[in-house]
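All heavy atoms count here, side chains included; hydrogens, waters and symmetry mates do not. By convention in this document, chain letters (A, B, ...) are assigned in the order of the sequence lines, proteins followed by strands, and residues within each chain are numbered from 1.
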Number of protein chains: 2
Amino acid sequence: MAKDNQVSITVIRRLPKYYRYLTELKEKGISRISSQELSVLTGFTASQIRQDFNNFGGFGQQGYGYNVEDLHRELKKILGLDTNYNAVIVGAGNLGQAIANYKGFEDAGFKVLSLFDRNPKVIGLKIRDIEIRDIETIDSFIKENNVQIGIITTPKESAQSVADIYVQNGIKGIWNFAPTDLVVPDNVVVEHVRLNESLFILSYFLRAMNEQ
Amino acid sequence: MAKDNQVSITVIRRLPKYYRYLTELKEKGISRISSQELSVLTGFTASQIRQDFNNFGGFGQQGYGYNVEDLHRELKKILGLDTNYNAVIVGAGNLGQAIANYKGFEDAGFKVLSLFDRNPKVIGLKIRDIEIRDIETIDSFIKENNVQIGIITTPKESAQSVADIYVQNGIKGIWNFAPTDLVVPDNVVVEHVRLNESLFILSYFLRAMNEQ
DNA sequence: AAAAGAGTGTCAATTTTTTCACATCAGAAT
DNA sequence: ATTCTGATGTGAAAAAATTGACACTCTTTT
């Protein structure tokens, strides 16, 4: 039913959207939902939704649908959101600070312990209660604070060397905002946020729309 | 070769990566590249790369490969990056300010003319030379300044109403950072940056990696 | 308790995407 | 000038993803 033959990335990328709507439904106190109703919310077809969930085992009940709370809990577990993560950010520019400041991540279990930068002007400053430290001190910090996630918000020129630092210190998950690809070992996961590319795609469709 | 039957979204989403590497190659003064070499850089297969380009007409030459400058120019045109766009941002929090501050977008032809917020504490402040204005004044600003792109960096609760304002004022392209879906007319394009979802996917793979 | 209704889980069909394979042509070499 | 090499463009095959259809089972109603 699952686990041995791994689930395709296409399916995985839909999970967060399900999770988001289930969170909303739960907050509204709705206890039951059908694939058809989820289809209306998410825009995916009902059939696809059932297929997706079945990759992880059948969570639904025939004639009833899905129990919102159960499904939410399952997705939470599948997405690995039932644990807490410690993260650090390298690059204490605006973007790094914005991420450090965003309460939403902490609510989801991702805690930013510290920012790092090499600019003496910002070292020592605090964002909320998160201190900006000297990049030279990052090795011991990571080791002493059980950091699992490294965030990169530097310019692209520094991104690979930051990734190297993360890898050397045993970090297995990197969230990269720099517009460049990274070379890391197989057992390290990199998730990119490609702001440039996203903007370019908007541009493409704007152009395509105008040409019709 | 193209234009009538439209190119699939799967292909489109690969274009920015090609464009990024071609920009790098151009900067390095490399004038010629084969699909095989591009494959090494991008991680896509050579065959896929040729197929992708052929959606827009053959840019290459048999026995030679692709001329970097030509291909770069073509992709630039396809992505609509050969024109300049004016943008505004609603939501002058950290994220909005970070985007306003990022020079990279301006270099790519996207100019942020103004930020808008309803918080009196930030109205009147400037990010670089970009003023934060009262959200109440946005209608006339958009009309008077030929704004084509509206960026949303508000909390999710306000996102739809901001989108409505954009649509009412004739904006056809919305870049949404709020973690919510938006309802807009068919002739308006929305591109989402889903930070939460990206982080969740990182979390998924971290979990999956640990369980192996 | 029985019948009706609803909606999942799943198999099969369809569609889309990716990969393969090669004829063809441009450029380089002799 | 001719041959050889290299790499595109493309048609066909393979693989992956999506959609369709329905048997089956659980819930609800009577």
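- Sorted by first then second residue, the ring-ring contact (aromatic ring centres under 6.0 Å, His included) pairs that include residues 20-40 of chain A, not counting sequence neighbours, number zero.
- In this structure, CZ of A:F53 is placed 15 Å from P of C:dT10, rounded to the nearest angstrom.
- Relative ring orientation between B:H72 and B:Y19 is described as parallel, the plane-to-plane angle staying below 30° on a 0-90° scale split at 30° and 60°.
- Residues from residues 59-78 of chain A that place a heavy atom under 4.0 Å from any atom of DNA chain C, listed by number: A:F59, A:G60, A:Q61, A:Q62, A:G63, A:Y64, A:G65, A:Y66.
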What donor-acceptor contacts under 3.5 angstrom involve side-chain atoms of residues 107-116 of chain B, with partners at least two apart or in another chain?
| unit_1 | atom_1 | unit_2 | atom_2 | d |
| --- | --- | --- | --- | --- |
| B:D107 | OD1 | B:K103 | NZ | 3.4 |
| B:S114 | OG | B:E131 | O | 3.1 |
| B:S114 | OG | B:R133 | NH1 | 2.8 |

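- To the nearest angstrom, P of D:dT8 lies 17 Å from CZ of B:F56.
- By the side-chain contact (heavy atoms from CB on, under 4.5 Å) test, B:V193 is found to be paired with A:V193, A:L195, A:S198, B:W175, B:F177, B:L195, residues two or more places apart in sequence or in another chain being considered.
- D:dT10 atom P lies 11 Å from atom CG of B:N55, rounded to whole Å.
- In the region residues 31-42 of chain A, proximity to DNA chain C at under 4.0 angstrom, judged on heavy atoms, holds for A:S34, A:S35.
- The distance between atom CG of B:N54 and atom P of D:dA7, rounded to the nearest whole Å, is 17 Å.
- Contacts of A:D52 classified as salt bridge (Lys or Arg N to Asp or Glu O under 4.0 Å), with partners at least two apart in sequence or in another chain: A:R14.
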Using distance only, find each side-chain donor-acceptor pair of residues 56-69 of chain B under 3.5 Å and give its atom names and separation, not counting sequence neighbours.
| unit_1 | atom_1 | unit_2 | atom_2 | d |
| --- | --- | --- | --- | --- |
| B:N67 | OD1 | B:E69 | N | 3.0 |
| B:N67 | OD1 | B:D70 | N | 2.9 |

field: Letter per nucleotide, 5' to 3', of nucleotides 12-22 of chain C [B base touched, S only sugar-phosphate touched, - untouched; heavy atoms, 4.0 Å]
entry: B----SSBBB-
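- Between A:L95 and B:L95 the shortest side-chain heavy-atom distance falls below 4.5 Å.
- Atom CD1 in A:I174 sits 10.5 Å away from atom CD1 in A:I149 (nearest 0.5 Å).
- Less than 4.0 Å separates DNA chain C from no heavy atom of any residue of residues 18-28 of chain A.
- Take B:K143 and apply the side-chain contact (heavy atoms from CB on, under 4.5 Å) test, not counting sequence neighbours, and it matches B:N169.
- Note on residues 177-192 of chain B: pairs passing salt bridge (Lys or Arg N to Asp or Glu O under 4.0 Å), not counting sequence neighbours, are A:K17-B:D181, A:R20-B:D181, B:R13-B:E191, B:D181-B:R194.
- Side chains of A:Q160 and A:D164: a donor on one and an acceptor on the other come within 3.5 Å.
- Contact check for B:R73 versus B:D82: no side-chain heavy atoms found under the 4.5 Å cut-off.
- For B:Q148, the side-chain contact (heavy atoms from CB on, under 4.5 Å) partners two or more places apart in sequence, or in a different chain, are B:Y85, B:N86, B:N146.
- A:I49 places its CD1 atom 13 Å from the P atom of C:dG7, with the value rounded to the nearest Å.
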